[in-house]
Amino acid sequence: MDILGYDFMQRALLAAVLVGITAPAVGIYLVQRRQAIMGDGIGHVALTGVALGFLTGTNPVWTAVLVSALGAVAMELIRWYGKARGDLALAMLFYGGMAGGVLLINLSPNGSNANLTTYLFGSITTVSQGDVQAICLLAAFVMAITLGLRRQLFAVCQDEEFARVTGLPVRVLNLLLAITAAVTVTVAMRVVGLLLVSALMVVPVAAAQQATRGFAMTLAAAIGIGVIVTLSGTVYSFYVDVPPGASIVVLAIAVFGVITALAAPLARRRARRAELLAPREERCTLEVPGSRSPAGATAVSAPSSGSGFGSGSGSGSGPGFGSGDDVEVRPSG
Amino acid sequence: MEQPVISLSGASASLGARPVLRGIDLTVRRGEVVALLGANGSGKSTAVRAVVGQVPLTSGELELFGTPRRAFRDWARIGYVPQRTTAASGVPATVREVVSAGRLARTRLGLPRKADREAVRRALELVGMADRAGDSVNALSGGQHQRVLIARALAGEPELLIMDEPMAGVDQASQQVLADTLRQQVAGGTTVLLVLHELGPLEPLIDRAVVLRDGCVVHDGPPPKAVGQHALPGHDHVHPHADTASEPIRTGLLT
């Protein structure tokens, strides 16, 4: 393996593995909470942090951690308090982060938009020794939170109100998750880039859940897929000179497609097995009386509505679930 | 006299600008089974959500187990069954994973021990879902899903069960399982406050009914008797009503 002979490639592959683990590990909670796009927003905000690093002459990884964590906390606060115009506030944060980044990079003495490009789409050749140390530290933090607190974070993301009533510190956990997502973005930005980091948080999870039934299995499978695509995408970028972010994300989407295609027959078989477990009559056996031939088309359109299933019976379609109010009250003494 | 388990006095609450509770009193004593009844929009769901601290009171007092709500920390004593939503979660989860979340009331930030896994297993058995523990909750019927949510509340071994519409969208077989489960809990000394659309199969269990209308208590006493065809055994109440019906509407189905 001549590819391992290069120092920069060793560093890049190590970073790739860490990204492959951490991005889906955080992403699964965001997907569960239907906030799949949050990573994208943090990525935009992190750009301002990167530019701030250039401006102040510090390692951009650390300034990006700081600024994106602030941005993620701001988003979480908007989610709490902002009700009606929350989406506008988020949009402001996204665009502000992007514009701030471009503004600051051009203000800094040795910066240009070209510097930003390596952060936007990732670059394996520029991962420095200092970057790798920072990435290892940050990845350890992300794994400790996302794997160590997985039961608690699962409960919060699955049913927040219930989690609050169990007495879990839901606000603290939500803030912790937001900060962890921000840290993950900065871990991943050197490899996949800020514009595509969100894809690596979401796509492996989406792929894994096509074939899994439980949360723990989905988490493990998503991490497995994440590591495979980041490693192979990075190697591909070594031989064919393309930004690693692009090859990694295209690969991840390909994996999603393959699993989806394979999972469909699997799901059908599972459904058939469930059918066998719950035996019921093959088809309706009740003979409906009065099978008269109607005179006009309108006569068949409405069979007696007397059976009266309420319009709100929904998927449950159980008894006692009409759309109206159903309580009989005799106001008595 | 012993402290009531729930004591809500003069409680008002608003959702947005709309007042939903307008000064209600609600007391639940240890071992009681109290049903909150009322039309849609009468404030019964808001009332239980206020009791579990999820809707802030604009005025009035709430005490849980004799402790003012602000100082109350002992959430493990309460098992909460929220209204079931049909929206599937973004990521699949197994029945056991969902029920285990209820045990976090006891384990908090710690790791689950053997006793915790036992409690989850017992809760699953109570609702007859032990054989589905490894299945995805998305594959369940409405009734089975409701049983899982109740098992989740029972996993924390609570002294007080608070349930919001546990019978909504639940098939007949599951209704029976739920009624049996509840009977066992009540026999074991659990206090229950539940929101109901109609008394249904739970009727024999209920000690007291509190009826809300437009955010006010209009009845607090023995459960109201069903009248007319609604009193027929096995009557499924599925037709829509007019909003302010104090008299049940008769559809004439059986007359």
Side-chain angles (χ1 to χ4, degrees), chain A residues 28-36 83 149 151-152 154-155 157-159 161-169 173 205 208-209 212-219 270-271 274 306-333, chain B residues 37-40 52-54 73 75-76 78 80 82 86 89-94 97-98 100-102 104-105 108-109 112 134-136 139 141-143 152 156 167-172 175 197-198 200 211 218-219 224-227 230 236-243 245-246 248 251 253:
Chain A
I28 192 168
Y29 300 107
L30 302 182
V31 172
Q32 196 188 14
R33 214 161 58 179
R34 301 188 175 282
Q35 284 188 310
K83 298 235 161 83
L149 290 174
R151 293 176 188 84
Q152 288 77 9
F154 165 78
C157 294
Q158 211 246 348
D159 188 341
E161 179 162 308
F162 178 83
R164 280 197 297 264
V165 178
T166 58
L168 281 178
L173 288 169
V205 177
Q209 71 182 22
T212 54
R213 278 183 289 181
F215 187 82
M217 267 311 292
T218 310
L219 180 60
R270 204 176 280 159
S307 61
F309 272 93
S311 57
S313 57
S315 60
S317 78
F321 193 49
S323 59
D325 53 287
D326 278 22
V327 177
E328 296 86 67
V329 181
R330 298 289 243 171
S332 59
Chain B
L37 303 171
N40 287 345
V52 294
Q54 298 309 306
R73 293 285 175 275
W75 292 104
I78 298 180
Y80 177 48
T86 42
S89 156
V91 176
T94 63
E97 283 169 336
V98 171
S100 299
L104 290 171
R108 297 296 183 89
L109 299 178
D135 286 357
S136 167
S141 74
R152 180 176 69 167
M167 292 303 192
V170 171
D171 54 274
Q172 208 100 59
Q175 288 206 2
H197 215 55
E198 55 175 354
V211 180
V218 293
H219 171 92
K225 285 277 167 277
V227 291
H230 301 276
D236 289 344
H237 199 108
V238 289
H239 56 85
H241 271 209
D243 226 344
S246 56
T251 57
L253 256 184

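Labels below follow one simple rule: chain letters A, B, ... track the order of the sequence lines, proteins then strands, and each chain is numbered from 1.
With a 4.5 Å cut-off on non-hydrogen atoms, A:A208 does not touch chain B at all. The contact between B:R152 and chain A is made by backbone and side chain atoms together, counting heavy-atom distances below 4.5 Å. Both the backbone and the side chain of A:T212 come within contact range of chain B, each with at least one heavy atom under 4.5 Å from a heavy atom of that chain.
Residues B:H197 and B:N40 have side chains in contact (heavy-atom distance under 4.5 Å, counting atoms from C-beta outward).
Taking chain A as the reference chain and counting heavy-atom pairs below 4.5 Å, the highest number among B:I78, B:V52, B:L109 is found for B:L109. With chain B as partner, the option from A:L173, A:V205, A:D159 having the largest number of non-hydrogen pairs under 4.5 angstrom is A:D159.
Ring pair A:Y29/A:F215 is tilted by interplanar angle, where 30° to 60° counts as tilted.
Shown here are the side chain to side chain donor-acceptor pair (under 3.5 Å) partners of B:E97, two or more places apart in sequence or in another chain: B:T94. Under the side chain to side chain contact (heavy atoms under 4.5 Å, CB included) criterion, A:R151 pairs with B:L104, B:L111, B:P112, not counting sequence neighbours.
If you take CG on B:L37 and NE2 on B:H219, they are separated by 8.0 Å, rounding to the nearest 0.5 Å.
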